[in-house]
Amino acid sequence: MAFDLPALPYSRDGLAPHISEDTLNFHYGKHHNAYVTNLNKLTEGTDLDGASLEEVIQTAAGDPAKAGLFNNAAQVWNHTFYWHSMKPGGGGRPTGRISELIDRDFGSYEDFSEAFKTAGGTQFGSGWAWLVLKDGKLEIRKTPNAETPLTEAGTTPLLTMDVWEHAYYLDYQNARPTYMASFLDNLVNWDFANQNLADAA
Ligand code: MN
């Protein structure tokens, strides 16, 4: 098979109690895995057989005839990026370069936190909230369904938060704001954001 389900960067109970092992069994073990399986079915024997995940996403983006391909490929990428956007014992205020840029571009960590949670909270239905680097400046994005800033010119994703109901319903039921607060307070991996920032330079 061309595409594999990437390993989680921690054990399935590593984010508990903020995100339970039960959630990761479904979210990673079922949902993420299904996107990989579907992507393999959709690319096997086509001219995209052997292409990289990023190539498939860029090829299918914006083409209504390739919506299924885009959705599965982008969801594989988005979820892998999301798992790395969290870590056991994460959360709280950023450090390093990302901290300096947050103060510079949002005013303060508190202002960033409010804007990030507002993006996630106002994404109607399923989607994602993102911290991105756009032309050297930090910005926040919200995207519906499988849409990803990876396809936006001059834009580097630094961090993402899944706000599909499957990300939080088992642990928080309908309380998306509580899940988002816990993501920032207990889970977010600023080392990953700093690494993405350094790689973008
Ligand atoms: Mn998800």
Side-chain angles (χ1 to χ4, degrees), residues 3-21 23-24 27-28 31-32 35-36 52-54 57 73-106 108-117 119-120 123 127-143 146-152 154-164 166-168 171 179-201:
F3 298 100
D4 293 316
L5 178 66
L8 275 179
Y10 31 75
S11 63
R12 290 196 187 189
D13 63 356
L15 302 179
H18 313 294
I19 290 179
S20 64
E21 181 175 8
T23 289
L24 285 190
H27 197 181
Y28 171 73
H31 291 277
H32 195 179
Y35 296 128
V36 173
S52 72
L53 184 59
E54 288 78 4
I57 292 168
Q75 285 293 76
V76 171
W77 193 92
N78 291 346
H79 280 89
T80 302
F81 200 77
Y82 170 62
W83 305 132
H84 287 271
S85 294
M86 302 181 286
K87 67 174 184 179
R93 306 183 74 91
T95 56
R97 181 70 178 143
I98 196 78
S99 176
E100 296 166 17
L101 294 192
I102 281 174
D103 287 344
R104 186 194 72 184
D105 295 336
F106 296 103
S108 68
Y109 173 71
E110 286 70 23
D111 289 320
F112 156 78
S113 171
E114 283 311 305
F116 189 73
K117 288 185 282 190
Q123 174 50 49
W128 303 83
W130 303 83
L131 177 64
V132 304
L133 185 70
K134 167 77 169 177
D135 299 331
K137 195 170 175 294
L138 296 187
E139 295 183 6
I140 287 169
R141 292 282 185 281
K142 58 178 177 179
T143 60
E147 294 293 327
T148 172
L150 195 61
T151 59
E152 189 184 327
T155 305
T156 305
L158 302 176
L159 208 62
T160 194
M161 176 174 67
D162 191 339
V163 295
W164 285 57
H166 67 217
Y168 59 86
D171 298 320
Y179 156 72
M180 296 192 300
S182 192
F183 176 92
L184 286 179
D185 293 345
N186 304 303
L187 295 170
V188 67
N189 182 359
W190 290 115
D191 298 335
F192 182 60
N194 270 316
Q195 186 59 54
N196 290 325
L197 196 56
D199 291 347

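These numbers come from the heavy atoms of this one structure, side chains and all, not from hydrogens, waters or symmetry mates. One-based numbering along the sequence shown.
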**Request:** Indicate the atoms forming the closest heavy-atom contact of Met161 with Gly120, along with that distance.
**Result:** CE-CA, 4.5 Å
**Item:** Side-chain touch Val36/Asp4, heavy atoms, less than 4.5 angstrom
**Value:** no
**Prompt:** Going through the checks in order, is the side chain to side chain contact (heavy atoms under 4.5 Å, CB included) test met by Leu5 and Tyr28?
**Reply:** CA-CA 9 Å; Leu5 178 66; Tyr28 171 73; 3.5 Å; yes
**Prompt:** Side chains of Asn189 and Ser85: do they bring a donor and an acceptor to under 3.5 Å?
**Reply:** no
**Message:** Less than 4.5 Å apart, side chain to side chain, heavy atoms only: is that true for Val163 and Met180?
**Reply:** yes
**Message:** Run the side chain to side chain donor-acceptor pair (under 3.5 Å) test against Trp130 and tell me which residues pass, sequence neighbours left out.
**Reply:** Thr143
**Inter- and intrachain pairs under salt bridge (Lys or Arg N to Asp or Glu O under 4.0 Å), touching residues 6-17, at least two apart** = none
**Item:** Short N-O contact, Lys137 and Glu139, less than 4.0 angstrom
**Value:** no
**Message:** Under the rule for salt bridge (charged side-chain N to carboxylate O under 4.0 Å, His left out), what residues qualify as partners of Lys87, not counting sequence neighbours?
**Reply:** Asp191
**Asked** Would you say the side chain of Glu114 lies within less than 4.5 Å of the side chain of Phe106, judging by non-hydrogen atoms?
**Response** no
**Message:** Suppose we screen for side chain to side chain contact (heavy atoms under 4.5 Å, CB included). Which residues come up paired with Ala200, at least two apart in sequence or across chains?
**Reply:** Leu133, Thr156
**Message:** For Leu158 and Phe81: C-alpha separation, side-chain torsions, deciding distance, then whether side chain to side chain contact (heavy atoms under 4.5 Å, CB included) applies.
**Reply:** CA-CA 9 Å; Leu158 302 176; Phe81 200 77; 5.5 Å; no
**Complete:** When rounded to the nearest 0.5 Å, the distance separating CG of Leu131 from CD1 of Ile102 is 6.0 Å
**Asked** Under the ring-ring contact (aromatic ring centres under 6.0 Å, His included) test, which residues partner Phe183, sequence neighbours left out?
**Response** none
**Item:** side chain to side chain donor-acceptor pair (under 3.5 Å) against Asp103, all qualifying residues, sequence neighbours excluded
**Value:** none
**Asked** Do the rings of His32 and Trp83 sit parallel, tilted or perpendicular, given the 30° and 60° boundaries?
**Response** tilted
**Asked** Does the side chain of Asp111 come under 3.5 Å of the side chain of Ser108 through a donor N or O and an acceptor N or O?
**Response** yes
**Message:** Closer than 3.5 angstrom, by distance alone: can the side chain of Thr151 be matched with the main-chain N or O of Thr148 as a donor-acceptor pair?
**Reply:** yes
**Prompt:** So, for Ser20 and Ala16, which heavy atoms are closest and what is the spacing to 0.1 Å?
**Reply:** CA-CB, 4.5 Å
**Prompt:** Listed by chain and number, what are the salt bridge (charged side-chain N to carboxylate O under 4.0 Å, His left out) partners of Glu21, not counting sequence neighbours?
**Reply:** none
What donor-acceptor contacts under 3.5 angstrom involve side-chain atoms of residues 88-99, with partners at least two apart or in another chain?
unit_1	atom_1	unit_2	atom_2	d
Arg93	NH1	Glu110	OE2	2.7
Arg97	NH1	Glu100	OE1	3.0

**Item:** Listed partners of Trp164 passing side chain to side chain donor-acceptor pair (under 3.5 Å), at least two apart
**Value:** none
**Prompt:** What are the two closest heavy atoms between Leu24 and Ser11, and how far apart are they?
**Reply:** CD1-O, 4.3 Å
**Request:** State the CG-CE distance between Leu15 and Met86, to the nearest 0.5 angstrom.
**Result:** 5.0 Å
**Message:** Using side-chain heavy atoms (C-beta onward) and a distance below 4.5 Å, is Lys134 in contact with Arg141?
**Reply:** yes
**Partners meeting ring-ring contact (aromatic ring centres under 6.0 Å, His included) with His84 (sequence neighbours left out)** = Phe192
**Fill in**
Closest non-hydrogen contact found for Leu53 with Phe3 is N-CE2, 3.6 Å
**Item:** His27 side chain to Asp162 side chain, donor-acceptor N/O pair below 3.5 angstrom
**Value:** yes
**Request:** Identify the two heavy atoms, one from Ala115 and one from Ile140, that lie closest to each other, and give their separation to 0.1 Å.
**Result:** CB-CD1, 3.5 Å
**Prompt:** Are Leu197 and Leu101 close enough that some pair of their side-chain heavy atoms sits under 4.5 Å apart?
**Reply:** yes
**Prompt:** Partners of Asp199 by side chain to side chain donor-acceptor pair (under 3.5 Å), sequence neighbours excluded?
**Reply:** Gln195
**ring-ring contact (aromatic ring centres under 6.0 Å, His included) against Tyr35, all qualifying residues, sequence neighbours excluded** = His79
**Asked** Stepwise, does the side chain to side chain contact (heavy atoms under 4.5 Å, CB included) test hold for Asp105 with Phe112?
**Response** CA-CA 9 Å; Asp105 295 336; Phe112 156 78; over 6 Å; no
**Fill in**
For Glu147 and Asn78 the tightest heavy-atom approach is O-ND2, 3.9 Å
**Asked** Below 6.0 angstrom between ring centroids: does that apply to Trp128 and Phe116?
**Response** no
